[in-house]
Amino acid sequence: MNEQRENMEGILEYGIPGYHQVMLTPPVHLHFVSESLCALLGVSKEALSSPDEDRYLPFVHPADRAGYRDFLRKLSCGAGAMHTEYRLVRADGTVRYVRDQMTVRRTGDGAVLGDSVLTDLTDLRHESPALPNEGIPFGFLRYTCEKQPRVTEINAYMKDLLHIPEGRAGEMDDFEMYRTNIFLMIPMEERRRFSKFLNRVYTEEAPIAGDMTLLRCDGTRARVFGWVSKCRNAQGEEEFQSICMDMTDRWQVRRSSESRRYLQALSEVYEKIFAFDLDNNTIKCLHCNDSSYLKRFENIAMQTEEAVEKWLISSVEPMQQEAIRRFFRDFCQRKLVSEDGRPPQITYQARATDQTIRQYTGVFLKMDEAVSFYCCRETRDWDQAMALKMENTALREKMRDLVIQFSDGLAAFEVSPEGLVKPLYASENVCEFFGYTEEEWLPLTKRFTPLESFAAGSDATYEDFAALLRTGEAEFTYFDYKTETERKIRAICSEKEPSAHTSRYVLLYAVDGETAAGRKSLPEKCPVRIRTFGYFDVFVGEYPVAFRNKKSKELLALLVDRRGGYVRSDEAISFLWEDEPVNSVTLSRYRKVALRLKNTLEEYGISDILESRDGKRRIVPERVECDLYRYLSGKEEYAQLFKGSYLTNYSWGETTLGELSGARE
């Protein structure tokens, strides 16, 4: 009998991999620890054994702890047997992938006890799969985890997608330039975003999916949807793997539809619109007045030099013809690229259809790398009047609040005489400014919505929007949330006659772009330090996080105050807007604040310090260094951190301040 008992103990200790028992009745802790579990984690039994705390949880990968806790919670509620997969971080820092199979039972005293067996999946996870079948319709890439990743393998579909020709004897293989640096197949404007994705995949060891543009070998562009994951190759070296599908045709159809809506809005603002195609050296007249002689040439491509002379210069005052000829020539030679990214503009005098001399303004609006719209219209007296109005400092401040986070955005709206609004066109980031998701935005383009309801989700008031429609044209300064630089937005409305009963169109577009010097480089992966004693502030390494929205900073402070507990939307609203009820307006406003907080953390590469689930949010205490958390740990070296002040910025912090002061006494 003793021999049988010893055999059973030996099997539990060594024969069942990773075997352990978890007491699921609070406090959760390991009830039994096997030698095989200790060997897997690289620690002793004493390091895992405690009747008061769960010493196994710290070995679970930080990104997987929430899922592991949820796994235990479901088991503690009476589930008979469950399994899950997660990562364990050994004492030496290496990561192991495991499958946890746990069966629960009740002990004689009614406590819930779980018997757990671990299966090590690390070798399976790190096996480098064979290159996908060349006949499968998706692209596959392997590339190194270096700062300048090198392509190590590519399948035929991906080569065809990138228009890489077959190498010929004695000629340079075009693929070699891609092989040395994968960023060469990414357009310049997408490289920073792609670099951030790779950094997240590498640090979090979790795949990321999304769509982006690729630069083909022949200079054209492809739109793809794909995944990036991190694994190990046959030599045990870390590498990235990407799988992508070609969505170029679908994307071009969508772009074409958006361009048509955008052109419709432009046509309500400008008298003439021409498409300059620099790749094909052609010009098309896209829009003009019915009485114009250009009407017969609409949508007919002509050679650039001939069209410029015939359509755009012939009516210009003789003294100004050479200047405007030089303007178009420099644009076609791509010389009109200003340091601040401002679109090329020109003002000139020309002969109108009634043979009178009038002043006109023209501007180039870039559609893509090859095509730009040249839009011109007669300059009205109210242009100068509006410019004087915009000198008013208070109005400029309102306008800056109106368009915060309107980064490189384009938008156009149709406004009915009754004050109803219907979006005609908007770039992807604009709907976020107005407080809508992309799914909510699409139905708005199919119907008219009361202006007051449409503006309810924005920080700007209804009066701000109404004033913008009423003034007609404005150019104002705002803070670009993405680049952290001052930018300018121009708003133009179609002229509204006093007795008119027709719709009015409003166009918004950026008039200067971000420059290379204006970009703020992302910091390397640095510890996140949070200061709550005194004024609330957050630091990434030595750099303070610049919150451009006060409410998003306050939301983060609230999550820190909850010390890792989830905060519901209605709870957050009651703190952020103490005197306002929870309704559709405040919920929409809260979603926007949460989005801005998310964007700020992503810009600094620290989005992993927050977790979101079913509309609830929490801070992950294990991923930050916080003076409050250190002080509450009870360790002697942190006993002097609290000096009597806490979250001085926020009145609701007084509750926690009272607790801290009481404990101190």
Side-chain angles (χ1 to χ4, degrees), residues 137-143 148-151 154-155 157-165 174-175 177-201 207-229 240-262 275 277-280 334 337 341 343 365-373 407-410 425-432 438 480 482-483 509-510 513-516 519 522 599 602-603:
F138 57 76
F140 183 84
L141 278 172
R142 287 198 184 112
Y143 43 104
Q148 184 173 300
R150 293 177 293 104
V151 178
I154 183 172
N155 71 348
Y157 182 90
M158 194 69 187
K159 283 187 175 182
D160 184 61
L161 174 62
L162 294 171
H163 292 180
I164 299 174
D174 288 330
F175 177 57
M177 66 177 184
Y178 285 148
R179 188 183 297 279
T180 57
N181 184 1
I182 195 173
F183 282 106
L184 293 178
M185 65 177 68
I186 311 296
M188 186 65 69
E189 65 271 17
E190 293 265 22
R191 290 181 183 176
R192 183 181 181 188
R193 184 168 74 101
F194 184 64
S195 179
K196 289 171 62 179
F197 284 170
L198 295 185
N199 183 57
R200 285 180 55 190
V201 172
I208 290 179
D211 61 323
M212 69 180 304
T213 302
L214 298 181
L215 192 62
R216 289 171 167 149
C217 193
D218 58 6
T220 60
R221 298 186 175 211
R223 192 72 174 182
V224 299
F225 180 86
W227 296 262
V228 179
S229 60
F240 291 120
Q241 292 187 0
S242 291
I243 296 176
C244 59
M245 297 176 289
D246 188 1
M247 301 182 65
T248 307
D249 292 341
R250 188 185 307 175
W251 179 64
Q252 288 176 341
V253 169
R254 178 184 173 189
R255 281 284 299 252
S256 177
S257 175
E258 290 178 347
S259 296
R260 285 196 299 271
R261 294 201 303 271
Y262 184 35
D277 189 332
L278 300 185
D279 284 352
N280 296 314
R334 304 179 191 267
V337 180
L365 300 179
K366 182 178 177 181
M367 301 307 296
D368 55 40
E369 292 302 312
V371 179
S372 293
F373 287 169
S407 174
D408 279 338
L410 290 169
Y425 170 87
S427 53
E428 294 178 0
N429 55 335
V430 174
C431 56
E432 296 175 358
E438 289 189 36
D480 178 22
K482 291 187 176 180
T483 63
Y509 62 89
E514 65 183 20
T515 63
R519 292 180 182 271
L522 289 174
N599 289 341
E602 285 181 349
E603 283 295 308

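Reckoned from all heavy atoms, side chains included, excluding hydrogens, waters and symmetry mates.
- Side-chain contact between Tyr157 and Met245: absent, with no pair of heavy atoms (C-beta onward) separated by less than 4.5 Å.
- Here the straight-line distance linking atom OG of Ser372 with atom CG of Asp277 works out to 9.5 Å at 0.5 Å rounding.
- At a threshold of 4.5 Å between non-hydrogen side-chain atoms, the residues Asp211 and Arg223 count as touching.
- Taking every heavy atom of both residues into account, Arg191 and Leu184 meet most closely at NH2-CA, 3.9 Å.
- Judged by distance alone, with hydrogens and angles left aside, the side-chain atoms of Arg142 form no donor-acceptor pair with the main-chain N or O of Phe240 at under 3.5 Å.
- Taking CZ of Phe225 as the reference point, atom CZ of Arg250 lies at 10.5 Å (rounded to 0.5 Å).
- Within the 4.5 Å cutoff, the side chain of Ile208 has no heavy atoms near those of the Trp227 side chain.
- Ile186 places none of its side-chain heavy atoms less than 4.5 Å from the side chain of Leu215.
- Contact check for Met185 versus Leu162: side-chain heavy atoms found under the 4.5 Å cut-off.
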For this session: Would you please test Met158 and Cys244 for side-chain contact (heavy atoms from CB on, under 4.5 Å) and show each step?
Result: CA-CA 8 Å; Met158 194 69 187; Cys244 59; 3.4 Å; yes

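- In this structure, the side chains of Val201 and Pro207 stay at 4.5 Å or more apart for every pair of heavy atoms.
- Annotation: side chain of Tyr143 is in contact with side chain of Val228 (closest heavy-atom distance under 4.5 Å).
- Taking both residues in full, the closest heavy atoms of Leu161 and Arg216 are given as O-NE, 2.9 Å, listed atom of the first, atom of the second, then distance.
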For this session: Determine, stepwise, if the pair Thr220 / His163 fulfils side-chain contact (heavy atoms from CB on, under 4.5 Å).
Result: CA-CA 9 Å; Thr220 60; His163 292 180; 3.9 Å; yes

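- Between the OG atom in Ser242 and the CE atom in Met212 there is a gap of 9.0 Å [rounded to 0.5 Å].
- Without hydrogens or angle criteria, Asp246 side chain to Gly139 main chain gives no donor-acceptor distance under 3.5 Å.
- Ring orientation note: the planes of Phe183 and Phe194 are nearly perpendicular, at an angle over 60° on the 30°/60° scale.
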